[in-house]
Structures are given as structure tokens and as C-alpha cells.
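Just so it is clear: chains get the letters A, B, ... in the order the sequence lines come, proteins before strands, and each one is counted from 1.
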Amino acid sequence: MKRNELLINIFTIILIILIAAIVYLALTDSRKGLTLFSARLEDRVSYRYLFKCVSETDALKQRSVRIGQSGYENGAANIVTAVIVDYRLFDTFCEVLILFAASAGVTLLMEKRKKRIKKEAGIIVQTAVPMIMLFTIVVAFYIILHGHLSPGGGFSGGALIASAFILQFIAFEKKLSKRWFALLEPLAGLGLLAFGLSGLYLRGSFFANFLPTGSLGATISAGGIMIVYALIGIKVASGLSSISADFSG
Amino acid sequence: MNREVILLLFPVMAGFCIPFGIKVSSKFGRVISLTSYLAGIIYGIIHLPGVMVKSRNVIIGNWIPPFGINLFFSPFTLGIVILIYGIASLVLLFDLYNTESRRGQYYLLYSLFVVSSVGMVLTGDIFNLFVFLEMGVIASSALIALGENTSGPERSLRYLIQAQGTSLLMLGGIALLYSAVGALNMAVFSRFEALKPSFALLTAVLILLPVLMQIKLYPLNTWAGGAFNSALTSFSASFCCIWATAGGVVLARFVLTIMNNESAFSSVTEKIRMLILVLGSLTILIGEAAALREKKLKRVLAFSSIGQMGMIAVGISAAGFASLKGALILLLSHAMAMALLFFTAGFLIRKSGTDQWRKMKGIGRKLYFPGGFFAVGAVALVGFPMFSGFWGKIELIRGVMAPGGIYIAGAAAILIGTIIEGVYFTRIVLSFFQHGGDWNKASYNPGFMLPSVILCAAVILTGVYPALIDFWLLSSIYELLNPKDFYADIIL
Amino acid sequence: MTVWIIVLGLIMFAGSVVVIFQKSIKNAVITFGAVSLVSALMFILMKAYDAALAEASIGSVLTTAIFFWTVRRLEENGFNEKK
Amino acid sequence: METFSFSICAFSLILVGIFGVLTRKDIIRILLALNILETGINMLVAAVGYFKGSSAPILTSNITRDGFLPFVDPLPQALVLASIVIGAGTTAMALAITLKHYRTHKTEGKA
């Protein structure tokens, strides 16, 4: 048995070296044609994201992007947020559905723990955890609501809120009821769907931004991005908390 | 303007409503999912005539295609979506009477599974395709794990690990492709300057891996038999029919429109087709041989489905008019006949209490309807004259023979596979109608009879009068064979 | 810069090898959390701040926690690591 | 050079992950290896968008179209974010299935 395992390991290592060699040869081929990194930033679709001129037919018309100016097609200063929540919002919607599927599946498959080793945390932890939770949730709200200006957004903020609840699960036996997460999650999803459908009926395409984009760099700007990111934050937070609650007991 | 996107959203809405609805009534889940699929069928049929005239590019978020995400509504995709919704609603009908009440999350996951299959067919963006694929993988692995016997979780884990590994490699391929092309829209790839041959082959293989895995092509189909055997019957039926059909559509889209002679992959088009031909031929032989030796009824069906998907892959790889026509007819007939076979198999297994077909000897003499339905499904799948599979296989063999060379071997594999298929299905059906065994008469509930009769009628109707779907077939084949006019120009 | 990348890359490589060959599952899980955290640092070096935040909060904290709870439940159900 | 080292790190992680998935016997280890593979793929995706000497794609001052643009590519970062979330969902699902598996087969140590 032991020897067999060793043989399998060696065989797999050889296989992997082969794979690596093939990939190396494929990437360093000297024949003619496009290859890795042959598209510079100017050739990529992101170039138009940076200059916020996707829906303009003449790409060169908009020559510069200025902070504080308004009237851009998308008002987010953080381009990654612009991509996630505006240009490719449908992808993000599908990811949210994936999280929804995961939390529903975990709820469906998990059972309650039978043998519980009861271990309450000590008094220091129990006093510290609520404060840390409060602090974490405040930071998470900051991250979610400033997603269009600085790094972060609904996903990281939602995960932070969920980790605050994880702390609570670790420290206390009595937990926040799971039922609320299970209802909050589809509610946020319905909110997202409502946003998309109102875009469809007001602007003629699903998930079109129908709110004013505001001036670039302002706190209240970027149209629907703030709303969508808040909804995503709620959804991710409740989904991940529900998953953690299922796993922890 | 871009209202067609709602077609995709019906099951999503149903999914979001289920957690609230099950607080009111325990039957809410199945009722609202069934309603949403029926709404999808009606909505699709309303839009079909318009799409038949001109394919539509549905943009999302008002961003034009290479930059935003788009859905592509063509005769091909819309027809398949209607088929998917149809089979999904039949499966739910079957579920309605044949299983105990389930928790709301089951229907939620099933809705998301249907959404992901529909999305895979419709989407025009490669990363969006990956996201839909993952959604389907998560939903279906949860549903497999709920299976009838205790090996469900293990089978589902096997499936999940293989699926997740291959999808991750696909993501790597997408990244490599993006660094060379600078866009993620599939229409861009279909008319871009050529990639370096070796690089193109690497990315093509990486991107095709999960698709090949989901349609159960040879080296990546070790999960299939067990997963289909352990899942609930209604889910095996939908997993086999809906998911594999969606995977076949994605494969056809990749091989024919995205990796065609004028695309970024133009330097390796022939090699990719050859690869799929070889894998498909091997799949046919291995799948059918495994089905011949198998004792459990549902596993026989799973291996038979593997063989059928191999035939479809071979038909796609030959890329001619006749072979594509055959592959598409086979795709339809596989979906309908397999659903019928799985329904009857589930019914028989429940009534007889065993899952081995040898022990069901003579069951068809007492239970006429299930036995008859099984016979019809088997005959349609094998391709007897006057049934739907017949025209498919004739056209397929004719079309695969046409290019000559190594494709002759593919045609031979299809022929051998069909013969083996005929042998084992005849054996099973004969043993069902033999004398012997004492079985009680059973009552049939509408949940079993209605879907089976509908599927039976569909299978026989398309076999007797194939002109019924000819119009759809012709426009689909034109779309697949002329990607420039019918795909890229419409989107970009 | 390149030196930092190489050092972090070596740490990640070593960590992942440890994850795979480590005897104790709990240690493997913790090492995996560390690898995730280092990969978040790597994302910062790549100027992918959003991805770094997400990796640190989801990939590192949550995934590790879920793994850990799973191992704990397995042990409660009589699962033995040695086997 | 930096992009090259990023890619090498990513590839090494991917290879280790593939090795783990192929050779390990117990399911938790396989899932850990899958997660390592995922981390490697994410790094590869992010490395594809990296340009030397560029800063994060956050507009803090005015930019114009003439001359060098000091930004990395934002699109791969969005893809990485998506992939991380998807990976977390898949891992949770797989672990739930694992627990169900162990509940039914208590004595077996592998899948």
C-alpha cells in the first residue's frame, strides 16, 4: 500500500512536470501570431472603462477624465467597482445567485450537531467581542458605502459583517436566529432584481443605471452603484452568516 | 427593447420568492417553480417567430457588446431554451405526484439549476459562461447529494471536485486568452486575428475542458454513472437531459462559431475538431460497452447517455450540413427520450423495489404503460425507423462519412455504438416482456402518465413527421455554419 | 520589488506543499489560511486592492473558519485523523 | 520581469494544487488542494492585468489620453473578485456534502 502510494506520487510528479513543460513551450513559441500579453492596455476593453467612454461611438472624443466633473456615463472613481457593479453587473448578479445557491444547499444538507461540546468563552472574550463586533460592523459599512471611491465594496464589507457574526458564534452559545438571515438574503436579491427591472423599464435594458451619476469623486455619486453595493453587501453578509451559522452548530 | 432578458429571469424570481412562500404553504415551492417554467415556455414561444426572422442581441446595462455582457437570442438558442423549460416543467410534474413533499430549498436549487442551463445557452460572454457553469455545478452537486441511497454524497463530491477543477482551469484559459485578445466577448474571438498555434491550442483545450467534462466525454466521465444512479430519479432525468443539452449547445457554439476558420483560433481549428472527434469516438465505444455490461437500470441509462453525447460530439466535430443536422436531431431526441426513460425507470424501480433490470423480469406484462413507455424511449434512442432518433442517426452517419479520412472511423464508431445500443436495449425490453415473475398491477397517477405521454407523443411525432422541426433545424444550422453573418455581425 | 515577490512566492509555495503533505489536518487548514493571507499580500503587490480585501476577508478568514468547523464536527462524529 | 515572477508564483501554486487534487486520498486535503489551485488561478488572472510601474485603477487625479497611463488593468481584478466569491461558495457546498458523507459512512476515512 505504502509503496503503491509512492509510485502514484512519483507518476503524478512526472505528469505535472510534463504539463509544466508543455505550458512553457506553448507560451514561449516563436511562431507568428498573438500570444500572452500581446494586448496592451490600449488594446483591451478596459481602456474604455478607464476613460468612461464605452457607450460613445467615437472612442477618441473623450480625451480626459477630470475629478469633480459630472456628466460621465459612470460616476465611480474606483474603476474596479465600476466594472463589477456597472459594466459587468450581470456577472455579479450571477455570483450573488451562486452564494444564494450555496447557502440554500448548505441549509438543505446540514443537520444540527448532536454531540455538542459546550464550551463558553471566558469573561474577557465575552466583554471584548461585542465591542470588536461593533467596530467591525462600522468599518464594514464604511467599506460598503465607499466602494465607488476606495478599494472594497459589497463583497468585502459583507464578508466583514459575516466575520463579525462568526466572532459572536465563537464567543456566545446563544446566537442570532438563522431565520432572519434566511429571509434577509432573498429580500436583498429581490431588491437587486427590482433595480434591474426598473432599469429595464426606464432605460430600456436590464440593470441600466437610471439614477444621476453625480460628480466624479463625490461621496454621493455614481448613481445606482451605492444602492446595488449596499444590497450586495446585505446579501453577501446574510448568505455567509447563514453558511457559518450552519457550520458552527 | 431588450425585454427578452426576462426569459432568463422567471426562475430567478421564483427562486427569490420561495423562502417567503414556504412560510405560507409547503406546496408553494413546486407551484411557483412550475409556473415560472411554464411562463418561460410561453414567453419563448411568443418571441420565437420574431427571432426566426432575425436573431437578436440583447444587451444588459446599456453597454454595447465587447464591453458589456450580452445575451444572444437566435433560433438555435431560443429553441433549446424552450426545450429546457419544457423538460424542467415535465420533471416538476413528475415530481408533483411521485415524491413526498420536499423542503423549499430543493425547488430553489432546482430553479437555479434551470437558470444556469438557460444562461449557459444564451450568454455571449465567456466569463459569464464560466459563472453560469459554476452556478449549475453548485446547484446540481447539492441536488445529487440528496440522492436516494447512501452513496449520493460521495458521488456528488466526485462530480463537484472534477467539475470545480476543470472550471478553474477554464478560468486560467480565459485569463490567458484575455491577455492576448483584450476582450471577453465570444463574438470578438470569432473574428479576431490569429493567435499563435501553440498558444491557441493551449487556451482552447483549457476552455473546452469543463464543457467536455459536463457532456461526459471520455477521460472526464468517471463521475457520470454513479452520480446518475445515486441522484433522485427526477433530478437524474433533468441532469441528464437539461444539463447535457446545454453543454452540447455550448460545445457546438465553441467548436463551430468561436473556433472557426476566421477566428482567433483559425490556426488550430482542424486540430480541435480532430481532438473532439477522437474523444467522441472513444466515448461512444467505451460508454456503450459499459452499458452493455451494466446491471443497474439507471446506470445503463447513464452510460447510454454518455454514448449518445459522444455521437453528438462526433457530429459537431465533422462540421458539415448533414452531420450537424444529425447532431441536432440527436440532441433533441436524446433529451426527450432520456427523460422518458428515466421517468419510467424511476417508476419501475419504485414499484419493483430493485434497481437491477434482470430482476424486473416480466414486469411489463402487468405494468403495460411503463413497459411500453420504456420500449418507446429505447427504440427512439437507438434509432428505429419512424422514431426521432432514426433521422438523426441516418443524417449523422451520412454527414460524418462525407469529409473522409479519419472521419470514417468516427462514422464506424457511431455505427458500432448504435448496434451495441440496440443489443442491450432489446435485451432489457425483451426481459421486461418475458413470462415470469409475479408483479401486482399498479395504479398510475397523473404525475407519471402526463409527462410520459407528452414525451412519447413528441418522440413519435418528430419521428413520423420530421418536417415539423425542419425549419428550426435549417435556421440553426445556417447560424452555426455561417458565424460571421449570423453571429458576429449581429453582436458587434 | 521583484525580491519581495520572490520571497512571498517561496513562502506560498512552501506553505502549499506543507498543506498537502502535513499529517495533521488542523495544521494543514491553518497553513492554508496563512497561504491565503500571503496571497492577499501578493494581490496588494499587484495593485489589486479590491481583490486583496476580498481574499483577506473571504478566502482567508471565512474559508478557513468553515474548514475548521468541518474538522471539528468530523472529530465529534468519531473521525480519526490517523487513518 | 515582475509580471514574469508573478506568473511563476501562480503557476507553481497551480501545479501544487493539481498534484494535491490528483494524489491525496482524504477529502478535506483534496478540497484544500483545490483551494490552493484556485488561489494560484486567481493570482494568474490578476497577473495578466499587471503592468510594471502602474498604480491601482482608482481615479485620484485627472487623467488624459496623451502619454503613459499609470494604471493596471481593472477587468482581471473584477474577475478575481468574482472567482474568490465563487470559490467560497463551492468550498462551503463541498464541505457540507462531506459532512453528509461522513454522517452516512462514519468509519471510512476517505472518499
Side-chain angles (χ1 to χ4, degrees), chain A residues 22-23 25-27 29-49 54-55 57 73 86-91 93-95 97-98 100-102 104-109 182-183 185-187 189-190 193 196-197 199-201 203-209, chain B residues 1-3 5-6 9 12-13 15-20 58-64 66-69 103 105-106 108-109 112 115 119 125 127-128 131-132 134-135 138-139 141-143 145-146 153 176 178-185 192-202 264 267:
Chain A
I22 289 171
V23 170
L25 287 179
L27 294 184
D29 188 1
S30 61
R31 272 178 286 181
K32 202 168 154 278
L34 298 178
T35 181
L36 197 63
F37 294 113
S38 57
R40 294 162 304 149
L41 187 59
E42 287 85 357
D43 308 330
R44 299 186 180 183
V45 289
S46 333
Y47 196 62
R48 288 228 197 166
Y49 296 153
V54 164
S55 48
T57 41
E73 59 178 22
D86 207 352
Y87 295 120
R88 298 181 70 87
L89 182 51
F90 193 59
D91 263 355
F93 183 63
C94 298
E95 272 164 58
L97 287 182
I98 286 180
F100 193 37
V106 170
T107 314
L108 194 58
L109 293 173
L183 287 185
E185 205 184 351
L187 201 64
L190 279 176
L193 207 56
L197 288 177
L200 180 62
Y201 284 101
R203 288 281 186 276
S205 131
F206 190 61
F207 275 135
N209 185 11
Chain B
M1 177 189 172
N2 291 311
R3 303 225 163 131
V5 71
I6 295 182
L9 296 178
V12 180
M13 284 180 211
F16 282 140
C17 290
I18 285 172
F20 301 107
V58 175
I59 61 174
I60 290 172
N62 266 343
W63 309 118
I64 43 176
F67 306 101
I69 292 169
R103 289 168 70 184
Q105 279 92 354
Y106 178 88
L108 204 167
L109 284 168
L112 290 179
V115 172
D125 188 281
F127 187 75
N128 202 234
V131 175
F132 275 124
E134 288 279 353
M135 196 202 288
I138 291 184
S141 62
L143 293 173
L146 283 175
L176 296 181
Y178 175 74
S179 85
V181 176
L184 289 171
N185 200 293
F192 208 77
E193 50 185 304
L195 298 170
K196 213 180 261 188
S198 47
F199 182 73
L201 196 62
L202 178 70
S267 46

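At distances below 3.5 Å, not a single donor-acceptor pair connects side-chain atoms of S55(A) with backbone N or O atoms of W63(B). Judged purely by atom type and a 3.5 angstrom limit, N2(B) has no side-chain atom pairing as donor or acceptor with the backbone of V58(B).
If you measure heavy-atom distances from I18(B) to chain A, you find no contacts under 4.5 Å at all. Neither the backbone nor the side chain of L143(B) comes within less than 4.5 Å of any heavy atom of chain A. The parts of A101(A) that come within reach of chain B are both its backbone and its side chain, each placing non-hydrogen atoms under 4.5 angstrom from that chain. Residue L109(A) touches chain B through its side chain alone, counting heavy-atom pairs closer than 4.5 Å. At a 4.5 Å heavy-atom cutoff, the contact between A183(B) and chain A is made by backbone and side-chain atoms alike. Contacts of L195(B) with chain A are made by both backbone and side-chain atoms, with heavy-atom separations under 4.5 Å. Only the side chain of I6(B) comes within contact range of chain A, with at least one heavy atom under 4.5 Å from a heavy atom of that chain. Proximity to chain A (any heavy atom under 4.5 Å) is restricted, for L202(B), to the side chain, taken from C-beta onward. Heavy-atom distances place the backbone of V181(B), and not its side chain, under 4.5 Å from chain A. Using a 4.5 Å cut-off between heavy atoms, N185(B) makes no contact with chain A at all. Looking at L97(A), the atoms closer than 4.5 Å to chain B (heavy atoms on both sides) sit in the backbone and in the side chain alike. Neither the backbone nor the side chain of L41(A) has a heavy atom closer than 4.5 Å to any heavy atom of chain B.
L9(B) places a side-chain heavy atom less than 4.5 Å from the side chain of F206(A). Side-chain contact between P19(B) and F100(A) is present, with heavy atoms from C-beta onward closer than 4.5 Å. Put simply, the side chain of S179(B) reaches to within 4.5 Å of the side chain of R44(A), judged on heavy atoms.
Heavy-atom pairs under 4.5 Å with chain A peak, among V115(B), V5(B), L201(B), at V5(B). Your options are A200(B), A139(B), A194(B), and the one with the most heavy-atom pairs under 4.5 Å with chain A is A194(B). Counting heavy-atom pairs closer than 4.5 Å to chain B, the top residue among I98(A), V106(A), D43(A), N209(A) is I98(A). Interface remark: of the candidates G105(A), G189(A), G196(A), G189(A) forms the most heavy-atom pairs closer than 4.5 Å to chain B. When each of L27(A), V54(A), I22(A) is scored by its heavy-atom pairs under 4.5 Å with chain B, the top score falls to V54(A). Taking D86(A), L89(A), L197(A) one by one and counting their heavy-atom pairs under 4.5 Å with chain B, the maximum is reached by D86(A).
Nearest heavy atoms, M135(B) versus C94(A): CE-O, 3.8 Å.
Qualifying side-chain hydrogen bond (donor to acceptor under 3.5 Å, both in side chains) partners for D91(A), counting only residues two or more places apart in sequence or in other chains: R88(A), N128(B). S198(B) meets the side-chain hydrogen bond (donor to acceptor under 3.5 Å, both in side chains) test with D29(A); sequence neighbours excluded.
Here CZ of F127(B) is found 9.0 Å from CD1 of I69(B). Values are rounded to the nearest 0.5 Å. Between atom OG of residue S267(B) and atom CD of residue E193(B) there is a gap of 11.5 Å, rounded to the nearest 0.5 Å.
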Residue pair Y178(B), S46(A): steps toward the side-chain hydrogen bond (donor to acceptor under 3.5 Å, both in side chains) verdict:
CA-CA 11 Å; Y178(B) 175 74; S46(A) 333; 2.7 Å; yes

